[in-house]
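To start, the structure itself, in structure tokens.
Residue numbers start at 1 and run along the sequence shown.
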Amino acid sequence: MQDKYGRTIEYLRISLTDLCNLRCVYCMPEEGVCKLPHDRILSLEEVAEIAGAAVELGVRKIRLTGGEPLVRRGIVELVRALRALPGLDELVLTTNGILLPALAQPLRDAGLDRVNISLDTLDAEKYRRLTRGGALEKALDGIRAAQAAGFAPIKLNAVLLGGVNDDEIPALCALTRDRPIEMRFIELMPIGDALYFGPEACIPVDTVLQRVPELQPLARAHGSVARRYALPGAVGSVGLISPVSCSFCSECNRIRLTADGCMKPCLHSAEEFPLRGLHGDALRSAIIAAVNAKPEAHVEFTATQRSESARNMNQIGG
Ligand code: SAM
Ligand code: SF4
């Protein structure tokens, strides 16, 4: 699918639930989210139907996200159904990793291609504070389970938080020395609860290059928004994702489906297209309408200008 600005839209991110087994301070309110009534959430059959229509229209990559996608019952069957869609090249998932010890192998066997796992810190106490009660060891067990199940490369996502985890940049980069992982640093986006730590937490991702000057640039991977680097002789790589300091709107190839069935043309705009109850041509037309509504660029973020999204990050999936 081509949008009005000539961008090819071939990447669909699907949020399977607003719920999560963690409460990261920059993502979710402390009290969690009001559980949407069961009948407001798309059934997994509806998700598969919408995904199927999007793939017919040219989507080549699907990411399952949330909230925490692994708390959604039936995820393994959904992965199997999506993997069977003719024309889908890549099926991937973003998770906090906590439930991977039980699910990594079944997901791999069902045809999931890759996992991204969120890991902001290697300090157990900091992890507990950032996630409001999570256990670092469980996330690390999840990473080990993903490796044992054969997922490669595994991408680890850290939201870079000035004054909170920037002191760990060298240690996080060092994880790539002898492991086939891509350690990715992501700028904090001013959306929902992101400003929990105050504006000083929003630091540019280029801070990583200042703290670890030995990083050498690598070629950009096709379709990726990450600038890639590697430590000399390292097995893995380091990725820098800069949605704030250097927006990648001109290369945007994505649309997003929320757990309650709305297509979001842009992460940072309030516009949404409800798809619930649509089938066949009507469903395909609504997806095309959402693609045509993609703005050329989102608002420019400043200290006071926040995302115009009407939803928190846990309701969109990043
Ligand atoms: N629960 C899963 C997880 O944490 O990986 C998937 C959903 S989570 C919303 C997806 C990604 O968005 C995570 O890597 C998380 O760190 C990131 N994220 C959440 N809020 C963010 C914010 N305000 N700015 C940048 N990234 C954010
Ligand atoms: Fe949950 Fe992921 Fe948001 Fe953390 S970032 S609260 S793990 S949805």
Side-chain angles (χ1 to χ4, degrees), residues 13-36 63-72 75 93-101 103 115-143 146 154-169 171-172 175 183-203 205 208 239 241-244 256 258-259 267-268 301 306-307 309-318:
R13 298 171 68 109
I14 302 177
S15 171
L16 292 178
T17 175
D18 293 356
L19 301 179
C20 188
N21 46 2
L22 298 179
R23 297 271 180 282
C24 299
V25 291
Y26 50 72
C27 176
M28 273 233 193
E30 183 161 17
E31 62 281 11
V33 283
C34 276
K35 192 170 176 191
L36 284 171
R63 177 174 303 280
L64 301 176
T65 174
E68 174 48 44
L70 300 188
V71 304
R72 183 78 198 258
I75 177 120
L93 175 132
T94 302
T95 172
N96 58 34
I98 301 288
L99 296 177
L100 277 176
L103 284 167
V115 286
N116 288 14
I117 304 173
S118 298
L119 185 72
D120 296 338
T121 174
L122 296 168
D123 176 308
E125 174 52 25
K126 212 186 279 182
Y127 187 88
R128 198 185 57 72
R129 270 192 290 127
L130 278 174
T131 59
R132 296 197 182 97
L136 174 67
E137 203 44 49
K138 287 194 179 166
L140 298 178
D141 284 347
I143 295 170
I154 291 175
K155 295 184 182 176
L156 300 182
N157 289 345
V159 177
L160 192 55
L161 301 161
V164 180
N165 66 356
D166 54 329
D167 58 327
E168 293 190 68
I169 291 172
L172 289 165
L175 294 176
M183 182 69 233
R184 303 177 352 145
F185 295 91
I186 304 171
E187 285 170 353
L188 179 66
M189 289 183 265
I191 180 169
D193 286 276
L195 289 185
Y196 176 91
F197 292 109
E200 57 285 2
C202 302
I203 57 172
V205 86
V208 173
I241 304 183
S242 42
V244 178
R256 294 173 166 83
T258 64
L267 168 59
H268 296 299
F301 301 131
R306 295 169 56 79
S307 169
S309 172
R311 297 174 187 250
N312 272 12
M313 209 56 153
N314 67 295
Q315 299 171 302
I316 308 170

### Task
Verify side-chain contact (heavy atoms from CB on, under 4.5 Å) between F185 and N165, making sure each step is shown before the conclusion.
CA-CA 11 Å; F185 295 91; N165 66 356; over 6 Å; no

Kindly compute the distance separating [atom1] ([X]) from [atom2] ([Y]), expressed to the nearest 0.5 Å.
{"X": "T95", "Y": "L70", "atom1": "OG1", "atom2": "CG", "result": "4.0 Å"}
{"X": "K126", "Y": "E168", "atom1": "NZ", "atom2": "CD", "result": "3.5 Å"}
{"X": "E137", "Y": "I98", "atom1": "CD", "atom2": "CD1", "result": "10.5 Å"}
{"X": "L130", "Y": "D123", "atom1": "CG", "atom2": "CG", "result": "9.0 Å"}
{"X": "L160", "Y": "I203", "atom1": "CG", "atom2": "CD1", "result": "4.0 Å"}
{"X": "L99", "Y": "D141", "atom1": "CG", "atom2": "CG", "result": "12.0 Å"}

#### Entry: Within 6.0 Å of NZ in K138, more than 12 heavy atoms from elsewhere
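No.
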
### Any donor-acceptor N or O pair under 3.5 Å, side chains N21, E68
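There is no such pair (donor and acceptor under 3.5 Å, judged by atom type) between the side chains of N21 and E68.
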
For [X] and [Y], indicate whether the former's side chain and the latter's backbone hold a donor-acceptor pair under 3.5 Å.
{"X": "D166", "Y": "G162", "result": "no"}
{"X": "R63", "Y": "N116", "result": "no"}
{"X": "N96", "Y": "A139", "result": "no"}
{"X": "R72", "Y": "L16", "result": "yes"}

Within the structure provided, determine whether [X] and [Y] are in side-chain contact (heavy-atom separation under 4.5 Å).
{"X": "D120", "Y": "V164", "answer": "no"}
{"X": "I241", "Y": "N157", "answer": "no"}
{"X": "V244", "Y": "L188", "answer": "no"}

Closest heavy-atom contact between [X] and [Y]?
{"X": "M28", "Y": "C20", "value": "CE-CB, 3.2 Å"}
{"X": "P29", "Y": "R23", "value": "O-CD, 3.6 Å"}
{"X": "S15", "Y": "G67", "value": "OG-N, 4.4 Å"}
{"X": "R132", "Y": "C24", "value": "NH1-O, 3.9 Å"}
{"X": "I75", "Y": "P69", "value": "CD1-O, 3.5 Å"}
{"X": "L22", "Y": "G134", "value": "CD2-CA, 3.6 Å"}

### Message
Run the side-chain contact (heavy atoms from CB on, under 4.5 Å) test against I143 and tell me which residues pass, sequence neighbours left out.
### Response
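Listed in chain order: I117, L119, L140, Q147, L156.
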
